[in-house]
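Each remark here refers to the structure printed beneath this line.
Convention: sequence-line order gives letters A, B, ...; per-chain numbering from 1.
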Amino acid sequence: MTVGRIYLTTPIYYVNAAPHVGHAYTTVNADAIARWHRLMGDEVMFLTGTDHHGLKIQRAAEAAGESPQVWSDRNSQAFEDANVLLNISNDDFIRTSEPRHYESVAWLLQRVKDNGFIRKGTYEGLYCVGCEAYYEPSDLIEVNGEPNCCPIHKRPVEFVVEDNYFFELSAFEDKLLAWLDANPDAVTPVSKRNEVLGFIKSGLRDFSISRSSISWGIPLPWDPEHVTYVWFDALTNYATAVGLGRDQERFDHWWPTVHHMVGKDILRFHCVYWPAMLMAAGLLPPQQINVHGFLLIGGEKLSKTGFAQIYPQDLADEFGVDAVRYHLLREVPLGADGEFSHEGVVARYNSDLANNYGNLVARTATVVEKKCGGVGPAPRADSPLAAVAAEVLADVSAAWLEPLPAKALEATWRLIRETNAYLEQNAPWKADPGPEVDAVMGDALEALRIVTVLTAPAMPTICQDVWERLGLPGQVLDQRVPAAAMWGGYPGGLTVTKGTPLFPRK
RNA sequence: GGCGGCGUAGCUCAGCUGGUUAGAGCAUUCGGCUCAUAAUCGAAAGGUCGGCGGUUCGAGCCCGCCCGCCGCUACCA
């Protein structure tokens, strides 16, 4: 299966907090998928970025005595730094405070309004002056016998009526259901798709898209007294980056090949609001939205266990960037929540990386050195490993496209295990140098070559290292699957280098 | 309350439209090997497939009830 062209996104991260493993989880998964598609020869655009608007940012900036622009841009840099650290291959990095985004948001809003899906209305709510925010009655608490108090400021909220513009989400129930019905894979995994369906079927209500009480945001084109409130601002970033309203040709090139990678907390906005907004503008909804769960530490959501936060830099210092990437991709499959622990990282690092992959490279190189004069022989066309490799390639390819990186890596490791067993069975270290030993070692080298191609999206740097140890020229990332992962690609006659352990045991 | 999902070896999980002795990885035990990062290979052990009842020639997979756990139930980024 070839996709041909794909536009991948991560959410834009709110610059209110520093990047942690949760962000890394989403971003690394999206990155590996993007790299897999490049390996397939697909034309790929991969976007990530940061969300700069909203009251929290405005407040935090004020508290710091800075403009929201300066404050948010500085915090945004931390996310760019994290991307560099984690070897993220994004083609663009968007900030919602950029002029291009203001242009695209204004264009989209005007278009939706012209199509008749934005109306003026009044937003009535319980407003806390201290928070400058509205609350739902269920959020309020009782303080000293006084009901309806703000949970933060512990004082009564006020009933306020504010002029707002509303997006007529209610007009899109049928269209959204029809879209999901016609595109069973539009939302993955199925459990999340069901949630979306349930939500839509329960009835959709229009939502407010503007605020006149906030100044840090994008003004509405037809009423500059209001700034855009959340949805049209944040979600539109995906369209901004490919030129919505500014470069029609470019936009048409990439839309709607877009695949969004999002956490389950923002599922509804991406699977209901966003498609409806696009439809309202006469545009097509996203091709796919991949919803993942949360990393848990001791059963608790990462972001809520403040003291227990783990930062990518610390993990990278201890295990190396590629090992961290591998772990994030392999340990918790996309979809459900999963436990993240230091012990878990160590265990998987030792078993998968040090004992299996790293050690296979080491033992193979040593035997080639001792029995083949350090020159890697060519594999046999009819090697028993050839059939395994073919199955693995098929499984791995399918898994990356689901997309389930964890499943893809698990399938890849099968070839590593089979190769270790193959070496055991043939025990080339016992035999005298000759055609038999050459054949076995050629097979092992070929299996390693294939494993390394298939693993490159997950661990680009280590795999390039292995690529060179095998004596192969060029860049592993320049290889193209499936051709480059088919049996028989190792030419033989190349100098094999052992080198130091790729993954020293912990 | 409503809607949805989950509960399978010590741990993390696979098990498509029901069909011979229920699978994988890790962990454990035993044995082999010694090329390798005390890595690796083989074998074994380990499960009343949450419980009860039903449909069926036959159910982990279908139906009903029960127990336990979780998610969503909107303008919070």
Side-chain angles (χ1 to χ4, degrees), chain A residues 11-17 50-57 96 123 125 131 133-136 138-139 164 166-167 169 189-211 229-231 233-235 263-269 272-273 293-294 299 303 330-333 335-339 343-344 347-348 350-371 406-407 410-411 413-414 416-431 437 440-441 444 498 500-506:
Chain A
I12 44 173
Y13 301 116
Y14 207 50
V15 292
N16 204 26
T50 43
D51 185 2
H52 292 237
H53 291 132
L55 193 61
K56 282 183 190 168
I57 304 299
T96 56
Y123 182 72
C131 293
Y134 289 91
Y135 280 96
E136 288 294 302
S138 57
D139 295 329
N164 267 191
F166 282 76
F167 173 68
L169 180 67
V190 180
S191 56
K192 302 302 179 192
R193 171 190 158 84
N194 287 340
E195 239 174 67
V196 172
L197 285 170
F199 181 75
I200 297 171
K201 286 175 180 167
S202 71
L204 298 178
R205 303 207 290 261
D206 298 347
F207 61 86
S208 163
I209 62 162
S210 73
R211 286 293 137 91
Y229 183 66
V230 184
W231 318 120
D233 183 340
L235 293 164
K264 63 178 183 178
D265 53 333
I266 49 178
L267 165 149
R268 200 170 61 237
F269 311 126
V272 180
Y273 289 22
F294 292 136
S303 59
R330 177 69 182 81
E331 182 71 8
V332 178
D337 293 351
E339 199 68 27
E343 306 80 75
R348 198 168 276 291
N350 281 335
S351 70
D352 290 10
L353 299 180
N355 297 353
N356 284 339
Y357 187 37
N359 186 53
L360 177 59
V361 171
R363 69 192 305 203
T364 301
T366 299
V367 178
V368 168
E369 185 185 311
K370 292 185 175 173
K371 303 287 183 178
K407 197 172 166 187
E410 184 185 14
W413 254 244
R414 182 185 157 207
I416 293 175
R417 270 191 284 278
E418 298 265 11
T419 303
N420 268 323
Y422 178 72
L423 287 177
E424 266 335 295
Q425 285 156 20
N426 291 283
W429 45 86
K430 284 182 179 172
V437 168
V440 170
M441 295 321 293
K498 185 179 177 188
T500 54
L502 292 164
F503 305 100
R505 278 181 59 82
K506 299 293 178 188

(message) Using the side-chain heavy atoms of Lys370(A), tell me which of these nucleotides is nearest: C35(B), U37(B), U40(B).
(response) C35(B)

(request) For Lys201(A), report the nucleic acid contact type (base, sugar-phosphate, nothing); a contact means any heavy atom under 4.0 Å. (result) nothing

(message) Just N and O in the side chain of Asn350(A): are any of them under 4.0 Å from OP1 or OP2 of U37(B)?
(response) no

(request) State which of G42(B), A74(B), C33(B) makes the closest approach to the side chain of Ala421(A). (result) G42(B)

(request) Taking atom P in both G10(B) and C49(B), compute the distance separating them and give it to the nearest angstrom. (result) 13 Å

(message) With a 4.0 Å limit, can you tell me whether Lys506(A) has a side-chain N or O closer than that to the phosphate oxygens OP1/OP2 of U37(B)?
(response) no

(message) What is the separation between atom CG on Asn420(A) and atom P on A39(B), rounded to the nearest whole Å?
(response) 13 Å

(message) For the P atoms, the ones on G60(B) and on A9(B), what distance do you get once it is rounded to whole angstrom?
(response) 15 Å

(request) Compare the minimum distances between each of G4(B), U34(B), C76(B) and the side chain of Asn194(A), then state the nucleotide with the smallest one. (result) G4(B)

(message) Side chain of Phe199(A), heavy atoms from C-beta onward: which of U73(B), C33(B), U37(B) has the nearest atom to it?
(response) U73(B)

(message) Is it the case that the base of G32(B) and the side chain of Glu424(A) share a donor-acceptor contact (distance under 3.5 Å, atom types as modelled)?
(response) yes

(request) Looking at every strand, decide which applies to Phe269(A) at a 4.0 Å heavy-atom threshold: base, sugar-phosphate, or nothing. (result) base

(request) Kindly point out which of A36(B), U37(B), G71(B) is positioned nearest to the side chain of Leu502(A)? (result) U37(B)

(request) Check the distance between C26(B)'s C1' and Arg417(A)'s CZ and give it to me in whole angstrom. (result) 10 Å

(message) Is Lys498(A) close enough to U37(B) that one of its side-chain N or O atoms is under 4.0 Å from OP1 or OP2 there?
(response) yes

(request) Tell me which of Gly358(A) and Lys192(A) sits closer to the 5' end of RNA chain B, going by the nucleotide each one is nearest to. (result) Gly358(A)

(message) Rounded to whole Å, please give me the gap between CD1 in Ile209(A) and C1' in C76(B).
(response) 18 Å

(message) Without decimals, in angstroms, what is the distance between Arg414(A) CZ and C13(B) P?
(response) 23 Å

(message) When the C1' atoms of C41(B) and C57(B) are compared, how many Å lie between them, rounded to an integer?
(response) 44 Å

(message) Regarding Lys498(A) and Glu369(A), does a basic nitrogen lie under 4.0 Å from an acidic carboxylate oxygen?
(response) no

(request) State plainly whether the residues Glu424(A) and Arg363(A) are in salt-bridge range, i.e. N to O under 4.0 Å. (result) yes

(message) Measure CZ/Arg363(A) against C1'/U40(B) and give the value in whole Å, please.
(response) 5 Å

(request) Please measure how far the P atom in C16(B) lies from the corresponding atom in G32(B), and state the result in whole Å. (result) 40 Å

(message) Can you see if the side chain of Tyr422(A) gets near the phosphate of C41(B) - specifically, an N or O under 4.0 Å from OP1 or OP2?
(response) no

(request) Grab the OH-P distance between Tyr357(A) and U40(B) for me, whole Å please. (result) 16 Å

(request) Using the C1' atom as the reference point in each nucleotide, state the distance between U8(B) and C72(B) in Å, no decimals. (result) 26 Å

(request) Mind calculating the distance between CD (Glu343(A)) and C1' (C26(B)) to the nearest angstrom? (result) 14 Å

(message) I want to check one thing: is the phosphate of U73(B), taken as OP1 and OP2, less than 4.0 Å away from some side-chain N or O of Arg268(A)?
(response) yes

(message) Please give the distance between the P atoms of A59(B) and G50(B) as a whole number of Å.
(response) 15 Å

(request) Round to a whole Å and report the spacing from CG of Asn426(A) to P of C35(B). (result) 16 Å

(request) Under 4.0 Å between any heavy atoms, over every strand shown, what does Leu423(A) touch: base, sugar-phosphate, or nothing? Just pick one. (result) nothing

(request) Looking only at side-chain atoms of Val230(A), point me to the closest of U73(B), C75(B), A77(B). (result) A77(B)

(message) Checking Glu410(A) against Arg414(A) for the salt bridge (Lys or Arg N to Asp or Glu O under 4.0 Å) test, could you report, in this order, the C-alpha distance in whole Å, the side-chain angles of both residues, the deciding distance, and whether it holds?
(response) CA-CA 7 Å; Glu410(A) 184 185 14; Arg414(A) 182 185 157 207; over 6 Å; no

(request) Indicate whether Phe207(A) forms a stack on C75(B); treat it as stacked only if centroid distance is below 5.5 angstrom and interplanar angle below 30 degrees. (result) no

